2 protein chains.
Amino acid sequence: MTNQASFSARLTSAITSRKTPACVGLDPKPGMLPPIFREAAAKSPADLAAIFETFCREVIDAVAGLVPIVKPQAACFESLGPDGMLALAGVINHAHAKGLLVLADTKRGDIGSTAEAYAAGWLWGSWGADAMTVNPYLGLDSLEPFVQACEEHKAGMFVLVKTSNPGSRDFQDLEIEGTTLYGHVAKGVEALAERTAGSERYGAVGAVVGATWPKQLDEMRAAMPHSWILVPGFGRQGGRASDVRAAFHEDGLGAIVVSARDIIYAHAREEINGGLGEKEWQTAVERATHDMIDRLAADTPAAALR
Amino acid sequence: MTNQASFSARLTSAITSRKTPACVGLDPKPGMLPPIFREAAAKSPADLAAIFETFCREVIDAVAGLVPIVKPQAACFESLGPDGMLALAGVINHAHAKGLLVLADTKRGDIGSTAEAYAAGWLWGSWGADAMTVNPYLGLDSLEPFVQACEEHKAGMFVLVKTSNPGSRDFQDLEIEGTTLYGHVAKGVEALAERTAGSERYGAVGAVVGATWPKQLDEMRAAMPHSWILVPGFGRQGGRASDVRAAFHEDGLGAIVVSARDIIYAHAREEINGGLGEKEWQTAVERATHDMIDRLAADTPAAALR
């Protein structure tokens, strides 16, 4: 796949055409699937992988017209071994076929030549995602092969800065010379974002900052003007629309907000699912997606996209 | 697979029976394969994956009687997509069949429920490795699902503490309250090692500290008495036997030293390969393995294992 425009340009175009920065997370888990898929639990990894793929394809069919981008969680597929990885490849292809951008949530990271292999696989090789998430613990030289792949193949990457979980306090919040570890990482991310932005507003390198940290989202938006911010943790992890407001610039760009469970398992949300039958779980997914889009438009600068 | 003994007990037993702490890294890369595999470069991912698998199986055949453990690098296989992951599964199975322990070098890490999926897949599910490497950036709660899987399924995990690359200075070396980030992580690792050790000397949770940092190996050995230390970077990355000495306790236990390229691509080392034909690349692998084992025995406490 050769992309003509940069990832940032494609993301901007997808967000403005769908009029929302909502991203649907694809996290298939056996015990949470809609009842019609529940037989899943008792099956072999190969059968379960096939069910995961069908489920995700049908989620994609439900949200393809509504959102700009989906984020498959590699771990859910990887837990099923090679069969799961094959299903993941099918899910990525289907999302592309439906006109969605694909952000592979891989959180990969390794030393130079190994990072190169990850970047090659995910960003332009066999997996062919538009962007991936990356872990910065190994340092800036470990990010460089991903950055180069982004530049050469018009892909994107999101570096973990301040993650949504409570334990992100343990190391990310440690204070260092008047700032924090995540502040140091953010400085590195912004430098890479600026370097890769060229004449565009945002670079190929973005940051992950959890919806559960509104104050830090504000701080990070200011610290990384050239970086897209990927905001997970919206919905069940506790983040509300008002919490993610600070991640955006005034024009409604600069952030992507992810919801996974609240959308793909919307069949289990009484306030969304009321009156629907078991086979209508995709309608629940659509309703939940509209609900998220509306909440973002009501309470964040994403209103400007309408 | 149900293991009767803890990972630490199985590792100790494998090291003492092979009389060496040498670990062979399985990092298949197209351009570096022995000439008889070189047709690889022009093939499809599926063909290349099959060649990677054959190559790694034959490396395993060459080293199975010599070393206790092998470390496949997930990235090399993942770069080929689902076909590569299938090859990786084949390599893990073959190593087990040949009586080797398998440490999957995955460097995974994610928030709770997602980390659970990684742990399930790698440590007791479809991949079935004996141990895996884990990235601590997300914090202690992100390590917990791996720890629980280790305890329930007698597996092991190695947390990145101070990695072998020069860029490990960027964040890992940042000074925090009189110590460093890697020192903070080491404190967390040691607490988990002690907790999982029970009545054994070492716990299920170990640390990764690069062979390129002899001073820090010394510091980390002292800071983490209950932790196995996995030492990558021996050989081409610059670490010598004398550099890794400090990673061991006096009885020659407590550390595993990894060499990948120097062993699996020994056909390209003139001093090892002298006089061998192209088809004898496995002999070069054996010679290089003996060479590493001898060097560790000559210059480190691993001498005590003889």
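Bear in mind the structure is a predicted one, so any value in this text is a computation, not a measurement. First the proteins, then the strands, lettered A, B, ... as listed; each starts at 1.
Annotation: the span from B/Ile176 atom CD1 to A/Phe171 atom CZ amounts to 9.5 Å, rounded to 0.5 Å. Once rounded to the nearest 0.5 Å, the distance linking CD of A/Gln73 with CG of B/Asp110 reads 4.5 Å. We find the CE-CG distance between B/Met85 and A/Leu86 to be 11.5 Å, quoted to the nearest 0.5 Å. The NZ atom of A/Lys107 sits 7.0 Å away from the OH atom of B/Tyr118 when rounded to the nearest 0.5 Å. A/Asn165 contributes atom CG, which lies 12.5 Å from atom CD of B/Glu144 (distance to the nearest 0.5 angstrom).
Summarising the geometry of A/Ser79 relative to B/Ala117, their closest heavy-atom pair is CB-O, 3.1 Å, with the distance given to 0.1 Å. Nearest heavy atom pair, residue A/Trp122 against residue B/Glu78, reads NE1-OE2, 2.6 Å.
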I'd like to know whether B/Ile111 forms a side-chain contact (heavy atoms from CB on, under 4.5 Å) with A/Ser164, so could you lay out the CA-CA distance, the side-chain angles of the two residues, the decisive distance to 0.1 Å, and finally the verdict. CA-CA 8 Å; B/Ile111 63 170; A/Ser164 61; 4.2 Å; yes
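For A/Ala87, no part sits under 4.5 Å from any heavy atom of chain B, backbone or side chain. Within the 4.5 angstrom heavy-atom criterion, no atom of B/Pro232 approaches chain A. Proximity to chain B involves both the backbone and the side chain of A/Tyr182, based on heavy atoms less than 4.5 angstrom apart. Neither the backbone nor the side chain of B/Arg169 comes within contact range of chain A; no heavy atoms are under 4.5 Å apart.
For the set A/Asp27, A/Leu174, A/Thr163, the entry with the most heavy-atom pairs within less than 4.5 Å of chain B is A/Leu174. Each of A/His184, A/Arg108, A/Glu175 has some count of heavy-atom pairs under 4.5 Å with chain B, and the biggest count is that of A/Arg108. Counting heavy-atom pairs closer than 4.5 Å to chain A, the top residue among B/Asp83, B/Val161, B/Asp105 is B/Val161. The most heavy-atom pairs under 4.5 Å with chain B, out of A/Ser142, A/Gly188, A/Gly139, come from A/Gly139.
Side-chain N or O atoms of B/Gln172 include one that pairs as donor or acceptor with a backbone N or O of A/Tyr137 at under 3.5 Å.
Side-chain contact annotation: A/Ser113 with B/Lys29, donor-acceptor N/O pair under 3.5 Å present.
Looking at B/Leu138 and A/Asn135, their side chains come closer than 4.5 Å, going by heavy atoms from C-beta outward. Residues A/Asp141 and B/Pro166 have side chains in contact (heavy-atom distance under 4.5 Å, counting atoms from C-beta outward).
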